[in-house]
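Notes for the one structure printed next.
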Protein chains: 2
Amino acid sequence: MICHIDAGNGIPIYEQIERQVKFSIANGSLLVGERLPSVRELAVQAAVNVNTVARAYRELQQQGVLDSIRGTGMSVSAAAPDICRQDRLQMIRDRLRSVLQEALQNQISVQEVRSLVDSEWQSLTQQDSG
Amino acid sequence: MICHIDAGNGIPIYEQIERQVKFSIANGSLLVGERLPSVRELAVQAAVNVNTVARAYRELQQQGVLDSIRGTGMSVSAAAPDICRQDRLQMIRDRLRSVLQEALQNQISVQEVRSLVDSEWQSLTQQDSG
DNA sequence: AATACTGTAATAGTTACATATTACACTAGC
DNA sequence: GCTAGTGTAATATGTAACTATTACAGTATT
């Protein structure tokens with residue numbers, strides 16, 4: 001589990017962790033029953049406080065994505081893949097919708113948006129500089 | 001000047017106001033020399049505190065977009081259209097980039113993103129329910 | 001002068017997020 | 001039993017954003 005935290009995107013850190021765990025499960029990078037890194041371990045790796053990771057794990061447990069075994073750790077629940085595959089595109093869709101809404105309200109055309117998407121995607125895939 | 005505030009998009013209110021003023025100037029909805037609504041007036045219209053509007057206006061003034069005349073109000077500066085036209089797509093681009101970055105990091109394809117853009121755009125243009 | 005409007009400023013209180021620190025309860029391995 | 005590792009919880013601190021309120025300084029109109 002590698003975790004990328006972007007401090008400048010307006011999404012709380014604990015939520016970014018939640019999202020990335022869900023994506024990893026949807027991808028198959030995390031399998032049912034597999035152990036997650038401990039809160040302390042992930043906190044160090046992501047340069048973040050233990051409480052922040054704990055909050056992410058707690059919410060994922062409440063959503064039924066993770067099983068918590070006190071003293072042992074967190075593991076991917078049996079129901080997790082279904083949940084996460086369902087959420088996979090929806091998570092992106094919601095963020096996208098917010099941007100498109102602003103664009104639409106301010107007289108920006110679909111063509112301009114499409115063009116921005118393609119050019120930015122190309123810029124991101126050429127090299128992971130950002 | 002009609003101002004749409006979205007409480008759930010992670011962007012501070014004062015910044016949303018800034019952006020919408022800039023878009024309006026870039027669009028030609030606000031012309032050079034034109035008076036903006038007073039801080040109190042816009043605060044009521046947007047259901048927001050006066051201080052929040054004042055902060056947006058102050059920052060726009062510091063960027064050279066607005067001229068402030070104490071006792072009279074704020075007006076669109078001569079330099080504003082150039083600045084705002086330059087920022088127009090860039091503001092959307094930056095938000096878009098952040099979403100695309102998350103999509104890319106989590107194994108979502110360009111095709112899927114393009115499809116989301118088109119379907120969400122259609123959903124937004126069919127009727128302004130959001 | 002009086003009034004009503006401007007922007008501006010200062011203060012205080014609230015909420016959300018994140019941090020640092022300490023402690024507790026549980027489990028596994030020796 | 002001891003130790004080292006789990007998740008969990010409580011407390012305190014700091015910061016950013018927002019609100020509410022009050023006050024002040026300038027301008028325009030009457």
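We name chains A, B, ... by the order of the sequence lines, and we start the count at 1 in each one.
Among all heavy-atom pairs drawn from Tyr57(A) and Pro37(A), the shortest one is OH-O, 2.7 Å. Annotation for Val117(B) and Leu100(A): closest pair O-CD1, 3.7 Å, computed over non-hydrogen atoms.
Distance, Ile13(B) CD1 to dA20(D) P: 11 Å, rounded to whole Å. Between Gln16(A) atom CD and dA18(C) atom C1' there is a gap of 13 Å when expressed in whole angstrom units. Protein atom CG of Leu42(B) is 12 Å distant from nucleotide atom P of dT19(D), rounded to whole Å. The nearest whole Å value for the distance from the CG atom in Leu66(B) to the P atom in dT6(C) is 16 Å. Across the protein-nucleic acid pair, Glu34(B) atom CD and dT6(C) atom C1' stand 17 Å apart, rounded to whole Å.
Taking for each of Arg35(A) and Ile11(B) the nucleotide of DNA chain D with the nearest heavy atom, the 5'-most of the two is the partner of Arg35(A).
Under the salt bridge (charged side-chain N to carboxylate O under 4.0 Å, His left out) rule, Glu102(B) has a single partner from Arg95(A), Arg93(A), Arg88(A), which is Arg95(A).
Remark: side-chain polar atoms of Arg19(B) are paired, donor with acceptor, to backbone N or O of Met91(B) under 3.5 angstrom.
In this structure, Asn49(A) does not reach the dA18(C) phosphate: none of its side-chain N or O atoms is under 4.0 Å from OP1 or OP2.
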Practice task
List the steps and the verdict of salt bridge (Lys or Arg N to Asp or Glu O under 4.0 Å) for Glu59(A) and Arg55(A).
Solution key: CA-CA 6 Å; Glu59(A) 300 208 349; Arg55(A) 174 164 182 184; 3.4 Å; yes

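Taken together through direct or relayed side-chain contacts under 4.5 Å among Ile, Leu, Val, Met, Phe, Trp and Tyr, Ile13(B) and Ile11(B) form parts of separate hydrophobic clusters.
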Practice task
Using a 4.0 Å cut-off on protein heavy atoms (strictly under), produce a 5'-to-3' string for nucleotides 7-16 of chain D with B for base contact, S for backbone-only sugar-phosphate contact, and - for none.
Solution key: BB-B------

